[in-house]
Amino acid sequence: MKQIVITKYGDTDVLKIQESKDPKPSVGEVLIKVEAIGINFADILARKGLYPDAPKPPCVVGYEVSGTIESVGQDADSSKVGQSVLALTRFNGYSDKVCVSEKNVFNIPASLDFEKAAAIPVNYLTAYQLICVMGGLKKGESVLIHNAGGGVGLAALDIALHLEATIYGTSSAGKHSFLMERGLNHPIDYRNQDFLAGIMGLTGGKGVELVIDPIGGKNWKKSYRALRSTGRLGLFGVSTVTESTMGRIFQYIKLIAQMPWYNPLGLMNANKSVFGVNLGHMWNERNKISGWMQEILKGVEDGWVRPHVDRTFPFEQAGEAHAYIEARKNIGKIVLVTGEGMKHEKG
Ligand SMILES: NC(=O)c1ccc[n+]([C@@H]2O[C@H](COP(=O)([O-])OP(=O)(O)OC[C@H]3O[C@@H](n4cnc5c(N)ncnc54)[C@H](OP(=O)(O)O)[C@@H]3O)[C@@H](O)[C@H]2O)c1
């Protein structure tokens with residue numbers, strides 16, 4: 001099999017293709033011949049040595065794939081051989097063959113190709129946990145989705161739209177018209193405008209009931225201030241950490257220094273709450289994940305879950321794919337494809 005290995009921390013040139021023996025499925029596992037691999041921002045953080053959850057290099061990252069089940073291990077359901085599936089992989093996803101527990105594998109709805117299927121697991125599960133499970137967004141409430149043009153952002157938009165909430169979103173200005181076509185009510189160009197002033201202006205000074213924030217650092221302080229009474233703030237990432245040119249240790253120190261500290265009495269008196277989401281730490285909650293995924297896949301069939309693949313890159317061009325995301329060019333998902341004939345440009 002072929003894998004893309006992070007050989008050491010660094011720029012995109014540390015990503016190298018390596019060949020090794022095909023993996024064999026263990027008890028309860030299936031072997032997937034991979035067609036498409038979802039790229040996540042966490043993979044970029046891992047490559048730069050800014051993602052503590054990732055294995056140390058040399059390592060293979062990748063949280064999600066789609067493909068065909070080629071064989072099954074002992075006690076796994078052999079009738080699944082030949083099925084087209086999407087799967088959660090806790091690392092090792094950047095491979096053309098991968099073994100995963102059959103519990104982390106789901107059939108692909110007929111309307112989705114492999115590329116769109118690989119765009120579903122991490123983005124939609126994270127957004128579902130943020131918006132529905134912990135954020136408790138309801139019809140008639142309002143939500144601010146930071147990084148609305150990213151993979152999780154677009155998934156959150158689909159879900160909030162389905163719940164009939166009023167939706168505010170921050171992104172680069174070039175992404176606004178696309179986001180409005182997808183249903184965003186109020187775009188905010190957070191790179192040229194103070195988003196807090198923007199959201200307060202748009203809501204008549206009230207703020208919103210839910211903010212989901214993957215930016216981190218001082219952004220979290222402002223997001224908290226954007227909440228109205230009964231508001232909930234979901235923290236789920238620290239994208240800002242990649243912006244610093246300082247060494248890794250100093251990047252962490254700066255990030256921690258900028259973080260807010262929430263006072264329980266302050267939360268009580270403000271009628272606000274703050275929660276965190278890390279899907280990678282939900283690995284021991286398979287029943288919950290499986291239930292959320294069933295809802296999401298039903299959403300595909302019902303038409304309100306609309307995974308959007310901005311661009312695919314050939315397997316060999318993982319570095320270019322990372323660079324594309326780091327340059328903020330993507331709207332929605334970037335996917336690596338292993339086979340010929342599946343690549344398409346933007347759209
Ligand atoms: N906790 C969890 O379970 C979980 C799960 C998935 C993702 N996440 C986090 O959620 C965030 C988004 O992930 P994603 O996979 O949806 O992202 P993505 O699709 O790769 O989003 C990339 C976009 O992020 C925006 N961005 C903001 N700060 C950036 C920066 N410093 N450098 C480059 N781009 C930046 C840019 O949009 P603009 O042009 O609009 O600025 C860029 O186009 C990341 O922080 C990620 O780690 C967390």
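The chain is numbered in sequence order, starting from 1. A quick note: this is a predicted structure, and the numbers were derived from the prediction, not measured. In what follows, every heavy atom counts, from backbone to side chain, and hydrogens, waters and symmetry copies are set aside. Both ligands and their constituent atoms are indexed starting at 1 by order of listing.
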Q: Between K333 and ligand 1, find which residue part has any heavy-atom pair under 4.0 Å and reply side chain, backbone, both or neither.
A: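 Neither part.
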Q: Who's the nearest protein heavy-atom neighbour of atom 43 (O) of ligand 1, and how far?
A: K175 NZ, 2.7 Å
Q: Would you say V277 and ligand 1 have an N/O pair spaced under 3.5 Å apart?
A: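 Yes, there is a polar N/O contact under 3.5 Å.
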Q: Can you find an N or O of L279 that's nearer than 3.5 Å to an N or O of ligand 1?
A: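 L279 vs ligand 1: N/O contact under 3.5 Å present.
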Q: Taking distance alone, with no angle check, do N147 and ligand 1 share an N/O pair under 3.5 Å?
A: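 The answer is yes, given that N147 and ligand 1 share an N or O pair closer than 3.5 Å.
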Q: Whether D96 and K2 form a salt bridge (side-chain N of Lys/Arg under 4.0 Å from carboxylate O of Asp/Glu) is what I want to check.
A: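 The answer is no: the pair does not qualify as a salt bridge.
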Q: Under 4.0 Å from a heavy atom of R191: which atoms of ligand 1 are those, numbered in the order shown and with their elements?
A: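 Near R191, the atoms of ligand 1 are 41 (O).
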Q: With nothing but distance in play, are any N or O atoms of L45 less than 3.5 Å from an N or O of ligand 1?
A: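 It does not: no N or O of L45 is found under 3.5 Å from an N or O of ligand 1.
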Q: Inspect the contact between E326 and K48 and indicate whether a charged nitrogen and a carboxylate oxygen are less than 4.0 angstrom apart.
A: yes
Q: My understanding is that only residues two or more places apart in sequence, or in another chain, count here; which of them pass side-chain hydrogen bond (donor to acceptor under 3.5 Å, both in side chains) with H186?
A: none
Q: Any luck finding a side-chain donor-acceptor pair between N330 and D310 under 3.5 Å?
A: no
Q: Can you name the atoms of ligand 1, numbered from 1 with element, that are less than 4.0 Å from a heavy atom of G150?
A: 16 (O), 19 (O), 21 (O)
Q: Check the side chains of H322 and D11 for a donor-acceptor pair under 3.5 angstrom, ignoring hydrogens and angles.
A: no
Q: Kindly confirm or rule out an N or O of N123 lying under 3.5 angstrom from an N or O of ligand 1.
A: no
Q: Which atoms from ligand 1 have a heavy atom of G151 less than 4.0 Å away?
A: 16 (O), 18 (P), 19 (O)
Q: Counting only heavy atoms, which portion of T170 has something under 4.0 Å from ligand 1: side chain, backbone, both, or neither?
A: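 The answer is neither; T170 stays 4.0 Å or more away.
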Q: Going by atom types only, do Y190 and N219 share a side-chain donor-acceptor pair under 3.5 Å?
A: no
Q: Among G149, S239, G216, which one puts a heavy atom closest to atom 44 (C) of ligand 1?
A: S239
Q: Distance to 0.1 Å, residue and atom name: give those for the protein heavy atom nearest to atom 48 (C) of ligand 1.
A: F236 O, 2.9 Å
Q: For atom 31 (N) of ligand 1, what's the nearest protein heavy-atom neighbour? Residue, atom name and distance, please.
A: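 Here the closest protein heavy atom is E243 OE2, 2.9 Å.
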Q: Without hydrogens or angle criteria, can the side chains of Y94 and D43 be said to hold a donor-acceptor pair below 3.5 Å?
A: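 Yes, side-chain donor-acceptor contact under 3.5 Å.
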Q: Among all protein non-hydrogen atoms, which one is nearest to atom 17 (O) of ligand 1, and what is the separation to 0.1 Å?
A: F41 CB, 3.8 Å
Q: Please determine if P214 has a nitrogen or oxygen closer than 3.5 Å to a nitrogen or oxygen of ligand 1.
A: yes
Q: When you compare the side chains of E29 and S101, does any donor N or O come within less than 3.5 Å of an acceptor on the partner?
A: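 No pair is found: no donor N or O on one side chain lies under 3.5 Å from an acceptor on the other.
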Q: Look at ligand 1 and say whether M282 reaches it with a heavy atom at a distance under 4.0 Å.
A: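 For ligand 1, residue contact (heavy atoms, under 4.0 Å) with M282 is absent.
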Q: Quick check: does S172 get an N/O under 3.5 Å from an N/O on ligand 1?
A: yes
Q: With the threshold set at under 4.0 angstrom, would you say Y51 reaches ligand 1 through any of its heavy atoms?
A: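 Outside the 4.0 Å threshold, so no.
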Q: Strictly by modelled atom types, are S229 and N271 linked by a side-chain donor-acceptor pair under 3.5 Å?
A: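 The criterion, which ignores hydrogens and geometry beyond distance, is not satisfied for N271 and S229.
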Q: Counting heavy atoms only, which part of V152 comes closer than 4.0 Å to ligand 1: side chain, backbone, both or neither?
A: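 The part of V152 near ligand 1 is both the backbone and the side chain.
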Q: Tell me the closest heavy-atom pair linking T126 and V122, and the distance in Å.
A: OG1-O, 2.6 Å
Q: What orientation do H146 and F195 show, parallel under 30°, tilted 30 to 60°, or perpendicular over 60°?
A: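 Aromatic pair H146/F195 classed perpendicular.
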Q: Can you sort out which atoms of ligand 1 are near S171, meaning under 4.0 Å from one of its heavy atoms?
A: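 Here the atoms of ligand 1 in question are 40 (O).
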Q: Decide whether a cation-pi geometry holds between R182 and F178; the criteria are a distance under 6.0 Å from NZ or CZ to the six-membered ring centre and an angle within 45° of the ring axis.
A: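 No, R182 and F178 do not form such a contact.
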Q: Using a strict 4.0 Å cut-off to heavy atoms of V122, name the atoms of ligand 1 that fall inside it.
A: 6 (C)
Q: Hydrogens and angles aside, do R191 and S172 bring a side-chain donor and acceptor to less than 3.5 Å of each other?
A: yes
Q: Specify the protein heavy atom at minimum distance from atom 20 (O) of ligand 1: its residue, its atom name, and the distance to 0.1 Å.
A: I325 CG2, 3.2 Å
Q: What pairs with W283 under ring-ring contact (aromatic ring centres under 6.0 Å, His included), at least two apart in sequence or on another chain?
A: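 Checked W283 against ring-ring contact (aromatic ring centres under 6.0 Å, His included); zero matches.
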Q: So, E35 and K33, do they make that salt bridge, N to O below 4.0 Å?
A: yes
Q: With nothing but distance in play, are any N or O atoms of K329 less than 3.5 Å from an N or O of ligand 1?
A: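 Such a contact does not occur with ligand 1.
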Q: For atom 30 (C) of ligand 1, grab the closest protein heavy atom and report residue, atom and distance to one decimal in Å.
A: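 Protein heavy atom with the smallest distance to atom 30 (C) of ligand 1: R328 NH2, 3.4 Å.
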Q: Considering only protein heavy atoms, which is closest to atom 18 (P) of ligand 1, and at what distance to one decimal place?
A: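 Minimum-distance protein heavy atom for atom 18 (P) of ligand 1 reads N330 ND2, 3.7 Å.
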Q: Just to confirm my output: which protein heavy-atom neighbour is closest to atom 27 (C) of ligand 1, and how far is it?
A: Y190 OH, 3.4 Å
Q: According to the interplanar angle, ranging from 0 to 90°, do the rings of F91 and Y51 count as parallel (below 30°), tilted (30 to 60°) or perpendicular (above 60°)?
A: perpendicular
